[in-house]
Each structure stands twice: as C-alpha cells, then as structure tokens.
Amino acid sequence: MKITDITIRHLQMKLKDPFTTSFGTFTNKEFLLLEARDVEGTIGWGESVAFNSPWYNEETLKTNWHMLEDFLIPLILNKELNHPDEVSEIFSSIRKNNMAKSTIEGAVWDIYAQQTNQSLAAALGGKKDKIEVGISIGIQKSIEDLVALVDGFVKEGYKRIKVKIKPGWDIEVMRTLREKFPDTAIMADANSAYRLEDTALLKQLDAFDLMMIEQPLASDDIIDHAQLQKQLKTPICLDESIHSLEDARKAVELGSTGIINIKIGRVGGLSEAKKIHDYCAANNVPVWCGGMLESGIGRAHNVALTTLPNFILPGDTAGSNRYWEKDIILPEVVATNGYIDVPQTVGIGYEVDREAVESFTIAKKNYN
Ligand code: OSB
Ligand code: MG
C-alpha cells in the first residue's frame, strides 16, 4: 500500500435528539472524515471522533485538522506500507493526538482489508457474525422522561442500558431505574464528574446491582480509581483514562479498573485497540467498545472491532437511526433485538453514500 492522495472533509450532522453528558450537551455533531486513496486506486475511509470542544478530552476537530495537515499526512503520503500496524510506528515521533492519528490509521486498515479481499472484521481477526449492543442515554429533564426513554430502548431489545450521571442526577435516578427495570442490565457513566471525596455517595450505587460504573473520577486518573474500587462492589470501567496498552496494563495492575471501554480514536487506532483487547483477554478483563456519536463510517469501524472475542460486554454502538435522520453509509447500521449483523463484504462493509457526505460537508481540502 502507498497512500498518494488524501481528502479531509469537515461534516456537520444534526443529532435527532440532543445528547447531554456531565460535561455538556451535543445538538450537532461536527467531525472530520478522511478519504485516502492508495496508488492502486483503492479508497479507504477514516473518521475523527474529536468533538468541537475539548470537553471529553483535549483534542478538537481543529487540533485534529492541524495535526493531520502539518504533521501526520506528510509522514504517511507516499510511504510504502506492508501492514496497517506500521502506521502507529510511523506516527510514534508525534506525542499523543491519538484521535488525529486514528483517523488516518482507520482509512489504512480499510484499504488493507479491501486489498487482502476480506472484511475489516476478518482483517482484525474477528470471528463473530453478529455483535451484541447496548445504548447510552444522556441526562434528561426529569426521571419520568428517562424512564420512558429506557422503556422504549428495552422494548427495542438493546442488551444493556447505560445512563449518564452527574452530581444531583445519580442516586435517585439509578434507584428508580433499578425499581422499574429489575431484570435489565444497567450501568452508569459519570464522565469524570466526581472526586475521591464522593466515595460515600458512590457507594450508595452498590445497592442497585449495576453492571459497572464508568469513569467516575478525573479523566487522567488511575490512582484514585484504585482507591475507590477497593471500597466499591460495583466494578469500575475506565474510559477517558486509557490511551494505550501501557495505560491499560498500569490500570489493571493497580486495580483501578475491572473492565475497559475501548474507543478506537482515544487509543490512537485499531492496532492499539487490538493490543489492549489482547492484553485484557490474557488477564481476564472484559472489554466493550465505546462510542463517540459516530457517523456510519466510525460506527462501521466499531462494529468490526467488536467482533474480537474479548468484547464480551455489549458496547455503545447503537443503530444509525438512534442518532441520525439519515446516515452517510448504505445500508445504515441496523440493530435488531440488540444485535448488529456484521457485514461480510470487503473493507468496512458498508458503501459510503457520497451524496449524503457532500450534503453534510462544510469544508474540504485535498492533500497529495
Ligand atoms: O463517555 O462514552 C462516553 C458520548 C460522547 C462523549 C463521551 C461518551 C459518549 C457516550 C455515547 O456515552 C456513546 C454513543 O452512543 O456513541
Ligand atoms: Mg464514557
């Protein structure tokens, strides 16, 4: 493989419903798409999961564009590549900026899968032909609104319900959900909204038999999480704190996390995601695939990754129709009864709907 041509597009897609976390509300999703063309004409697609504002982590759409244009694209253009694993080596001179790196790496994996005549899932070593999925629900105006939403998603068959929490929207919310949905797999995601001083409050969650609590403490912490885990029965799952295999190893060794949420962009790409998966499999740490409100392209990458065997717990990769009136792939990602069928065709397994892509594009630049 040799990438000779790259196009970056800035897309804006309106979410069907606003999505509120402890750090802010999303109404529109703005993100970068990267289209890479290889010397033989094969086209691969990657999606940056960086948001408009540095709330979830420090990267943004603009910092990603800057990193791609000024550093990453020059490193990759016209380089002879034998395997997508080489991309992270080529980028190793650049610190962090994992979401920017992952944008190119994902497109290279797509090209590699096509040129080796297999699905992205198969190229990664995945075996499942369907994956189990859950759904992530933002903070609502009232508990009644939340209960109604959860009821709908449980009836749609989603395998696990994740609810965003923050101080003041936590204990009563989870208590009510457990009462109303006694048999449903439920978990909470705090997106770093608490401190170790809140241990007594967080311990109250143990009464509700939650599958896990995701990232209760600071976004860069693994020390306090280890302290907290000693006092909680509910397993902690780290999201924001894990950027690499090394982070995962340290967090597992410290006892900071019993489960890991793997997000491809946060860890710098599919190769690193796979390494974290393999390490966790060897150490009996279940993993699941997180979401960043992706368009169909990022979603397709998530579906492929989730086919690896240690993705034991349902992920956040819901169907396209949970987010968009119209997605940018054909067919869209469909979740039926909490399962997504893994496409068996070559590459990411979905056609990119170029007309839809153009209709959501607000800026575009070519590099060669
Ligand atoms: O922490 O997992 C998170 C959305 C935006 C930012 C961070 C997170 C989320 C989600 C939604 O939980 C996952 C999804 O449906 O894509
Ligand atoms: Mg999270």
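Counting begins at 1 with the first residue of the sequence. Keep in mind that this is a model prediction, so the values were computed, not measured. Indexing begins at 1, ligand by ligand and atom by atom, following the structure's order.
- Between W55 and F23, the ring planes lie tilted relative to each other; the angle falls in the 30° to 60° range.
- Taking the six-membered ring where tryptophan is involved, the planes of F26 and F19 are tilted, since the angle between them lies from 30° to 60°.
- No chain of hydrophobic side-chain contacts below 4.5 Å, direct or via other Ile, Leu, Val, Met, Phe, Trp or Tyr residues, connects L313 to V303.
- Residue pairs satisfying the salt bridge (Lys or Arg N to Asp or Glu O under 4.0 Å) criterion with at least one member in residues 132-151, sequence neighbours excluded, are listed as follows: D151-K155.
- Geometrically, K130 engages Y339 in a cation-pi contact defined by less than 6.0 Å to the ring centre and at most 45° from the axis.
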Starting from the N and O atoms of ligand 1, collect every protein N/O partner closer than 3.5 Å and put each pair on its own line with the distance to 0.1 Å.
{"unit_1": "ligand 1", "atom_1": "1 (O)", "unit_2": "K164", "atom_2": "NZ", "d": "3.0"}
{"unit_1": "ligand 1", "atom_1": "1 (O)", "unit_2": "D189", "atom_2": "OD2", "d": "3.0"}
{"unit_1": "ligand 1", "atom_1": "1 (O)", "unit_2": "N191", "atom_2": "ND2", "d": "2.8"}
{"unit_1": "ligand 1", "atom_1": "1 (O)", "unit_2": "D239", "atom_2": "OD2", "d": "3.1"}
{"unit_1": "ligand 1", "atom_1": "1 (O)", "unit_2": "K263", "atom_2": "NZ", "d": "3.4"}
{"unit_1": "ligand 1", "atom_1": "2 (O)", "unit_2": "K162", "atom_2": "NZ", "d": "3.1"}
{"unit_1": "ligand 1", "atom_1": "2 (O)", "unit_2": "D239", "atom_2": "OD2", "d": "3.4"}
{"unit_1": "ligand 1", "atom_1": "2 (O)", "unit_2": "K263", "atom_2": "NZ", "d": "3.0"}
{"unit_1": "ligand 1", "atom_1": "12 (O)", "unit_2": "S136", "atom_2": "OG", "d": "2.9"}
{"unit_1": "ligand 1", "atom_1": "12 (O)", "unit_2": "K162", "atom_2": "NZ", "d": "3.2"}
{"unit_1": "ligand 1", "atom_1": "12 (O)", "unit_2": "K164", "atom_2": "NZ", "d": "2.9"}
{"unit_1": "ligand 1", "atom_1": "15 (O)", "unit_2": "Y323", "atom_2": "OH", "d": "2.6"}
{"unit_1": "ligand 1", "atom_1": "16 (O)", "unit_2": "M292", "atom_2": "N", "d": "3.3"}
{"unit_1": "ligand 1", "atom_1": "16 (O)", "unit_2": "L293", "atom_2": "N", "d": "2.8"}

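- Under the side-chain contact (heavy atoms from CB on, under 4.5 Å) criterion, D206 pairs with L232, K233, T234, sequence neighbours left out.
- A donor and an acceptor atom, one from each side chain of N98 and E59, are nowhere located under 3.5 Å apart.
- Counting only protein atoms, the N, O or S atoms lying less than 2.8 Å from the Mg ion (ligand 2) are D189 OD2, E214 OE2, D239 OD2, ordered by chain and residue number.
- Ring centers of F31 and H10: at least 6.0 Å apart, outside the cut-off.
- When atom types are taken as modelled, the side chain of T361 and the backbone of A363 share no donor-acceptor pair closer than 3.5 angstrom.
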